[in-house]
Amino acid sequence: MESENQKVISEAEELPRTIVRRVVKEKLCNDCDDMSVHKDALLAFSESARIFIHYLSATANDICKESKRQTINADDVLTALQEIEFSHFLGPLKASLHEFRQKNAGKKAGAAKEKEEKKKRKLEELSHDSGGGERVENEDNQDGTGHA
């Protein structure tokens, strides 16, 4: 029974094989599409990546707790990489993070602009629907006394 629970847990934590296969193929052989990766090798890559993620997560979590925070942020991960002696990943990771943030900022700005335009249209619709009669009344009531 215990081995079944362990298997279920490992399946839940398992990285998607198609993504692992794609990453491995892209890094090992940029020019050859016909390269194949044995199932055992794919499992070894996947398991190694999973263990690395666990180790990095635990280290980043420790850094986060030392700072008396509950949410791990990107800086915690970068510091954790240094702490576990993978500082050679920092340059490429920082570049990817910067690119991600720029793309995200563009998306957020676009979404905010769209939301503002929607709000503006809705206000215009409301003012057209309820404002028609008031304009005529205001035009008739130019002296402010209620008399024309």
Side-chain angles (χ1 to χ4, degrees), residues 1-139 144:
M1 186 74 164
E2 191 174 317
S3 64
E4 284 181 31
N5 288 339
Q6 288 176 339
K7 184 158 178 67
V8 171
I9 291 170
S10 77
E11 284 178 10
E13 294 176 347
E14 199 172 288
L15 297 173
R17 290 181 187 177
T18 54
I19 293 173
V20 173
R21 181 182 290 116
R22 185 179 330 130
V23 169
V24 170
K25 281 187 171 187
E26 284 175 7
K27 296 303 172 190
L28 293 181
C29 188
N30 290 331
D31 299 329
C32 51
D33 291 330
D34 61 340
M35 187 189 100
S36 62
V37 180
H38 194 273
K39 190 176 180 178
D40 289 346
L42 192 60
L43 180 65
F45 279 118
S46 182
E47 193 62 15
S48 298
R50 187 184 67 78
I51 291 167
F52 179 75
I53 290 169
H54 279 202
Y55 185 47
L56 183 61
S57 300
T59 306
N61 188 45
D62 291 344
I63 292 165
C64 180
K65 284 181 179 180
E66 287 171 8
S67 300
K68 295 184 170 89
R69 290 181 287 108
Q70 293 182 343
T71 304
I72 298 171
N73 61 36
D75 289 333
D76 296 329
V77 176
L78 295 172
T79 304
L81 279 170
Q82 275 184 305
E83 209 169 281
I84 64 173
E85 299 181 14
F86 279 90
S87 56
H88 54 282
F89 286 143
L90 291 175
L93 183 57
K94 284 180 181 180
S96 294
L97 189 58
H98 178 71
E99 184 180 323
F100 172 79
R101 286 176 175 164
Q102 283 192 321
K103 283 181 184 177
N104 227 15
K107 286 180 184 178
K108 283 183 181 179
K113 185 177 180 181
E114 186 177 319
K115 187 176 180 180
E116 189 63 36
E117 288 174 1
K118 247 184 185 177
K119 190 176 179 181
K120 191 176 181 180
R121 282 191 299 255
K122 196 170 190 172
L123 287 172
E124 286 174 358
E125 287 174 13
L126 288 172
S127 69
H128 287 298
D129 291 346
S130 64
E134 289 178 26
R135 283 191 197 140
V136 172
E137 190 176 308
N138 287 339
E139 289 172 4

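Please read all numbers here as calculations on a predicted model, not as lab measurements.
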So does [X] have more than 12 non-hydrogen atoms from other groups sitting under 6.0 Å from [atom1]?
X: Glu117; atom1: CD; result: yes
X: Phe100; atom1: CZ; result: no
X: Arg17; atom1: CZ; result: no

To the nearest 0.5 Å, what is the distance between [atom1] on [X] and [atom2] on [Y]?
X: Ile63; Y: Lys65; atom1: CD1; atom2: NZ; answer: 12.5 Å
X: Leu56; Y: Leu78; atom1: CG; atom2: CG; answer: 9.5 Å
X: Ser96; Y: His98; atom1: OG; atom2: NE2; answer: 11.0 Å
X: Leu97; Y: Asp75; atom1: CG; atom2: CG; answer: 8.0 Å

On a heavy-atom basis, which atom in [X] and which in [Y] lie closest, and how many Å separate them?
X: Ala80; Y: Thr59; result: CB-CG2, 3.7 Å
X: Val20; Y: Leu42; result: CG1-CD1, 3.7 Å
X: Ser48; Y: Ala44; result: OG-O, 2.7 Å

- Query: Any idea how Phe86 and His88 line up, ring-wise: parallel (<30°), tilted (30 to 60°), or perpendicular (>60°)?
  - Reply: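 Answer is tilted, since the angle falls between 30° and 60°.
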Any side-chain heavy-atom pair from [X] and [Y] closer than 4.5 angstrom?
X: Ile53; Y: Leu15; answer: yes
X: Phe89; Y: Ile84; answer: no
X: Lys119; Y: Lys122; answer: no
X: Asp62; Y: Glu83; answer: no

- Message: Taking side-chain contact (heavy atoms from CB on, under 4.5 Å) as the criterion, tell me which of Arg121, Lys120, Lys115 meets it with Lys118.
- Response: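 Exactly one candidate clears the test, Arg121.
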